[in-house]
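Take a look at the structure set out below.
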Amino acid sequence: MPPLPERAPASEHHAAPAPTEPDEQQPDEQQADEPRFGYEKVDARVLASLRWQVGSRLKIANTKHLSAASLRFGTREALGPHAVLFLFVADAPHEPGGRRLYTASRLFEAGRDVEHLPTVLDDLIIAARAHIAAVGAQWQPLDGVRSLVNGEPVHLPVGARYLGVAVSTLDTDQGRWSDIARTLHEKLPGGIFGSSRQISGRCYARLVDHTAMQVDRDPYPAFGDNGIRCTQPVDIDHYDSYRRYADLTSSGDHDQQQMWQRLTALHDLLTAHLNPGRDV
């Protein structure tokens with residue numbers, strides 16, 4: 001997999017502007033009500049549909065993460081409990097909302113240096129900054145020896161835009177992955193083995209429309225609970241139900257808040273480099 005870089009320790013006088021006619025507007029006034037970012041020009045239902053796609057895709061990604069980590073547990077190629085997902089979107093007239101979602105992933109081999117999620121994200125921030133400094137505007141996180149991904153190849157169509165970044169983790173309220181994984185490979189009372197279907201997972205994401213999202217893959221979900229906690233609606237007809245998650249990034253324990261800070265920092269860095277107009 002592509003290696004990550006090591007962590008480092010008197011104003012001038014100007015003539016007054018010509019007076020304007022009373023009915024003439026200044027440029028700033030003309031543009032005051034115009035959208036600043038691309039996503040602000042997109043219909044609310046399209047944005048909600050796209051967020052729903054992201055939430056659904058993250059559940060699938062977390063399931064694949066669990067499957068791969070379970071198969072490789074206890075081997076020399078064992079995987080760590082965290083993975084990072086890079087999200088892109090492209091126009092697709094025949095898809096729901098007219099958008100198609102693409103995901104690229106980075107997995108990490110098991111080791112003490114990848115057990116702490118905020119540290120994993122710190123390393124990726126350092127790597128991305130180094131690559132941008134070395135390559136400049138041409139750098140892409142999916143291309144070449146400076147790629148940030150090592151999962152299945154993803155071929156983006158022309159015009160694809162960076163949408164956001166997410167993490168998949170197998171450390172949940174059930175416990176740490178290293179402890180949970182042993183139940184899949186050791187006999188339980190009664191001579192049976194544990195099942196991966198009983199293991200939960202979780203994802204977190206930041207998107208260019210300022211959305212923060214938490215997705216829980218619960219093997220025993222409550223009736224009607226889709227597991228998606230989002231600061232913006234994923235169902236435009238039930239907008240009010242999502243206002244209760246407005247404080248999503250400031251809630252949780254210390255490690256979770258650190259994770260949100262690092263994930264947001266990585267997202268802001270990638271947004272500024274890849275999609276400053278925040279187009280979706």
Side-chain angles (χ1 to χ4, degrees), residues 44-70 79-87 89 95-97 99-105 107 117 120-121 151 163-177 179-181 183-184 194-253 255-257 259-260 263-264 267:
R45 291 184 181 275
V46 173
L47 292 176
S49 173
L50 188 56
R51 295 182 199 112
W52 178 266
Q53 286 189 60
V54 170
S56 300
R57 186 70 61 86
L58 291 181
K59 284 186 183 180
I60 294 172
N62 186 265
T63 300
K64 290 182 176 180
H65 182 195
L66 170 62
S67 177
S70 177
L79 292 175
H82 314 299
V84 178
L85 304 163
F86 301 90
L87 312 175
V89 65
E95 298 283 338
R99 305 290 194 280
R100 177 175 293 176
L101 182 65
Y102 296 83
T103 59
S105 62
L107 301 173
L117 183 51
V120 170
L121 294 171
L163 178 65
V165 63
V167 295
S168 167
T169 181
L170 303 178
D171 286 348
T172 66
D173 297 338
Q174 287 183 325
R176 297 177 63 84
W177 166 246
D179 298 324
I180 295 172
T183 67
L184 302 178
S195 171
S196 60
R197 295 181 181 180
Q198 300 172 333
I199 297 176
S200 62
R202 178 172 288 176
C203 293
Y204 304 93
R206 293 306 309 255
L207 307 181
V208 294
D209 67 345
H210 301 288
T211 290
M213 182 183 296
Q214 174 182 313
V215 181
D216 290 316
R217 184 186 50 74
D218 189 344
Y220 306 106
F223 180 76
D225 185 0
N226 60 25
I228 300 176
R229 310 287 184 264
C230 192
T231 57
Q232 302 288 344
V234 296
D235 181 352
I236 202 63
D237 295 320
H238 298 85
Y239 180 83
D240 288 343
S241 65
Y242 290 91
R243 292 182 179 174
R244 56 182 167 161
Y245 301 119
D247 62 347
L248 186 62
T249 61
S250 59
S251 60
D253 59 23
D255 279 352
Q256 197 168 22
Q257 291 188 35
M259 179 282 303
W260 277 120
L263 185 63
T264 299
H267 170 60

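Pro233 places a side-chain heavy atom less than 4.5 Å from the side chain of Arg51. Contact of the Val89 side chain with the Leu50 side chain is registered, since non-hydrogen atoms from C-beta on lie closer than 4.5 Å. Counting heavy atoms from C-beta on, the side chains of Asp171 and Arg202 never come closer than 4.5 Å. The shortest side-chain heavy-atom distance between Leu163 and Tyr102 does not fall under the 4.5 Å cut-off.
Residues Ala61 and Leu85 approach most closely at CB-CD1, 3.7 Å, considering heavy atoms. Scanning both residues, His65 and Pro81, for their nearest heavy atoms gives CE1-O, 3.2 Å. For the residue pair Met213 and Leu58, the shortest heavy atom distance occurs at SD-CD1, 4.5 Å. The two atoms that bring Leu79 and Ala69 nearest to each other are CD1-N, 3.8 Å, heavy atoms only. Considering every non-hydrogen atom in both Ala205 and Ala166, the closest pair reads CB-CB, 3.7 Å. The two residues Ile180 and Gly175 make their nearest non-hydrogen contact at CD1-O, 3.3 Å.
Here OG1 of Thr169 is found 10.5 Å from CH2 of Trp177. Values are rounded to the nearest 0.5 Å. Note that OG of Ser168 is 8.0 Å distant from CZ of Arg217, once rounded to the nearest 0.5 Å. Note: Met259 CE to Thr264 OG1 = 8.0 Å, rounded to the nearest 0.5 Å. Within the model, atoms CG of Leu87 and CG of Leu207 stand 6.5 Å from one another, a figure rounded to the nearest 0.5 Å. Rounding to the nearest 0.5 angstrom, the gap separating the OG1 atom in Thr172 from the CD1 atom in Ile199 is 8.5 Å. Atoms CG and CG, from Asp218 and Asn226 in turn, are 11.5 Å apart once rounded to the nearest 0.5 Å.
The backbone N or O of Trp52 sits less than 3.5 Å from a side-chain atom of Ser56, completing a donor-acceptor pair. Judged by distance alone, with hydrogens and angles left aside, the side-chain atoms of Ser67 form no donor-acceptor pair with the main-chain N or O of Thr63 at under 3.5 Å. At least one donor-acceptor pair under 3.5 Å links the side chain of Arg57 to the backbone N or O of Leu101.
A donor-acceptor pair shorter than 3.5 Å cannot be found between the side chains of Thr211 and Gln232.
Here the rule is side chain to side chain contact (heavy atoms under 4.5 Å, CB included) with Gln214, and of Thr249, Thr231, Leu248 only Leu248 fits it.
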For His82 and Val167, what are the C-alpha separation, side-chain angles and deciding distance, and is it a side chain to side chain contact (heavy atoms under 4.5 Å, CB included)? CA-CA 7 Å; His82 314 299; Val167 295; 6.0 Å; no

